[in-house]
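Below is one structure, written out as structure tokens; the observations come after it.
Every heavy atom of this structure was used, including side-chain atoms; hydrogens, water molecules and symmetry mates were not. Bear in mind the structure is a predicted one, so any value in this text is a computation, not a measurement.
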Amino acid sequence: MNGLVKVPGWNGLTRVSAWNGLTKVPAWRPRSIRWRLTLLYSALFVAAGALLLGFVYFLAANNVGVHRTVSSVEGPGLPGRGAAPTAPATINAFAEVVRQDQLHDLLVYAALALAAMALASVALGWVMAGRVLAPLRTMTATARRISADNLHERLAVAGPDDELKAMADTFDDVLARLAGAFEAQRQFVANASHELRTPLTLQQAVVDVTLADPDASEEELRGALRRVRAVGQEQERLIDALLTLARSQRGLERRELVDLTAIVRERLPVVGGCRVEARLEPAPVLGDPQLIERLVVNLTENAVRHNLPAGEEGWVSVWTGVDAQGRPGLRIENSGPVIPADQAAGLFEPFRRVGPERVAPQAWARSRGAQGSAMSQGAEGSRGRGRERDGVGLGLSIVAAVVAAHGGRVWARTRPRGGLTVEVSLPCWGTGTGTGTGAGMGTGAEVGAAGVAPVGPALPRA
């Protein structure tokens, strides 16, 4: 628990210390990193100076190799030539006294010089620490100004490519990713609000028109109720898709061995005017069965919905198996109108619809009728018959989120003659899965566009 605690001081008084988690920080400890660096520089200088002076004093005190015996001396106050000679012992004792005085002076002067240089080192250390930390102060001031409303600002630290510039560049990269995430969130909220407002507006219009007619027959009232119910089902379908997307972005709640091939076999599209080709090989996956099933359903429904209109020879190709690296994969390819190659990656964005309506409503209704109602939870396909709208634009977004939660990769590749190829590669079930923290496109997964090698072998075209 953060706060202040009182601990006994050395002098019997009470000393206040800050308590941060499990670490007790004494109040006397410098809080500024500039002061800590200054004291560190000064302490290192004083230690090095003390060692140097101690070594010089040791050499002077031992005076290795220069001991001599003095037999006579001359000088003021001393006997000159012709006087009685002084005993050598007396002369050596006098020289030793002089030598001790010199060593004492050397020690005193060295201590004074060391103290003066210690004070100078504190001043120099303070200046040098300030120069070193100047970019950090600039980055701190800039970072405090940045908020959700001005994420476009950057630290933009100039100078050599040192550790501080690398940290600033990393922070700028994080700001760029945050700006992209905030913009995507704003766009998602705006699109979701629009998508949810449209059915409500339609419901209100149907009710208002019906109430405005005082002579409405029973059949007209029933028709209005059926339209309101259809719009309500549309809202329910959109909300289910949003909940599925949110659940996928939270990560995996459970992991178990899933037979991807069995799920694909059960969810193969059944459409009268569309030829289905399947090559299903074993592909075990360790993940969430419901999310894997949702991934398969969204891809198959997307391949049927965005196929050629009824009466033309449309086809859907499905492959499951394991690639050369041992990763289980799924590839779904379909015919359809031509999609610009530069718009392939945008298909994974929420509420992104590319091109006109690409499938007849009757063909889609037959496909949903053959599927049954087992996949009602989070279904991206239409629940009504004769749906004119081209989905809610969340099918591939949910696919990308599911792949991200499993730590896999997903690509979308346009076909020159029309249609789309979507390839999914998941981690090997024997070596673990993703971290389960992927949240949206590009987080925990690799989302790509054109120019990607197929996950599995190509299927022949008739």
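Residues H306 and N334 come closest through the heavy atom pair O-ND2, 3.4 Å. The heavy-atom pair separating V316 from C274 by the smallest distance is CG2-SG, 3.6 Å. Contact between R145 and N150 at its shortest, heavy atoms only, is O-ND2, 2.9 Å. In terms of heavy atoms, P427 sits closest to P328 at O-CD, 3.4 Å. Of all non-hydrogen atoms in E333 and T421, the two that sit nearest each other are CG-OG1, 3.0 Å. Minimum heavy-atom separation, R154 to A176: NH2-CA, 3.3 Å.
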Working for side chain to side chain contact (heavy atoms under 4.5 Å, CB included), residues L396 and N298: CA-CA 7 Å; L396 291 182; N298 282 7; over 6 Å; no

Residues E301, R267; criterion side chain to side chain contact (heavy atoms under 4.5 Å, CB included); working and verdict: CA-CA 9 Å; E301 291 179 353; R267 301 301 169 186; over 6 Å; no

Test log, rule side chain to side chain contact (heavy atoms under 4.5 Å, CB included), inputs T198 and T201: CA-CA 5 Å; T198 301; T201 304; 5.8 Å; no

Steps toward side chain to side chain contact (heavy atoms under 4.5 Å, CB included) verdict (T300, L268): CA-CA 7 Å; T300 54; L268 282 177; 5.7 Å; no

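Side-chain atoms of R327 and S425 include a donor-acceptor pair closer than 3.5 Å.
Looking only at side-chain heavy atoms (C-beta outward), M167 and M139 come within less than 4.5 Å of each other. Proximity of V264 to T261: side-chain heavy atoms (C-beta onward) are nowhere separated by under 4.5 Å. Counting heavy atoms from C-beta on, the side chains of V403 and L295 come closer than 4.5 Å. Looking at heavy atoms from C-beta onward, T138 lies out of side-chain contact with T140 at the 4.5 angstrom threshold. Here the side chains of L330 and L299 are in contact, with some heavy-atom distance below 4.5 Å. For the pair L286 and V258, the minimum side-chain heavy-atom distance is 4.5 Å or more. Side chains of V228 and V207 form a contact here, defined as non-hydrogen atoms less than 4.5 Å apart. Using a 4.5 Å cut-off on side-chain heavy atoms (C-beta onward), L291 and I398 make no contact.
Remark: the backbone N or O of S217 is paired with a side-chain donor or acceptor of E220 at under 3.5 angstrom. Here the side chain of R254 pairs no donor or acceptor atom with the backbone of P289 at under 3.5 angstrom. Side-chain N or O atoms of S335 include none that pairs as donor or acceptor with a backbone N or O of G419 at under 3.5 Å. Looking only at distances, no side-chain donor or acceptor of S42 sits under 3.5 Å from a matching main-chain atom of L39.
A side chain to side chain donor-acceptor pair (under 3.5 Å) with E423 is found for exactly one of R413, R409, R331, namely R413.
The CZ atom of R237 sits 9.0 Å away from atom CG of L394, with the distance rounded to the nearest 0.5 Å. Atom CG of L260 is separated from atom CD1 of I292 by 6.5 Å, given to the nearest 0.5 angstrom. Once rounded to the nearest 0.5 Å, the distance linking CG of L308 with CD of E313 reads 9.5 Å. Within the model, atoms CG of L155 and CG of L164 stand 11.5 Å from one another, a figure rounded to the nearest 0.5 Å. With rounding to the nearest 0.5 angstrom, the OG1 atom of T320 is 10.5 Å from the CD1 atom of I263. In this structure, the separation between CD on E234 and CZ on R229 is 14.5 Å, given to the nearest 0.5 Å.
The local environment of CD in Q204 is sparse, with at most 12 non-hydrogen atoms from other residues, nucleotides or ligands closer than 6.0 Å.
The ring-ring contact (aromatic ring centres under 6.0 Å, His included) pairs that include a residue from residues 119-152 are W35-W126, where partners are two or more places apart or lie in different chains. A salt bridge (Lys or Arg N to Asp or Glu O under 4.0 Å) check over residues 169-179, counting only residues at least two apart or in different chains, returns the pairs K165-D169.
Taking a cutoff of 4.0 Å between a charged side-chain nitrogen and a carboxylate oxygen, R279 and E281 qualify as a salt bridge.
Listed by chain and number, the residues in a salt bridge (charged side-chain N to carboxylate O under 4.0 Å, His left out) with R226 are E219 (sequence neighbours excluded).
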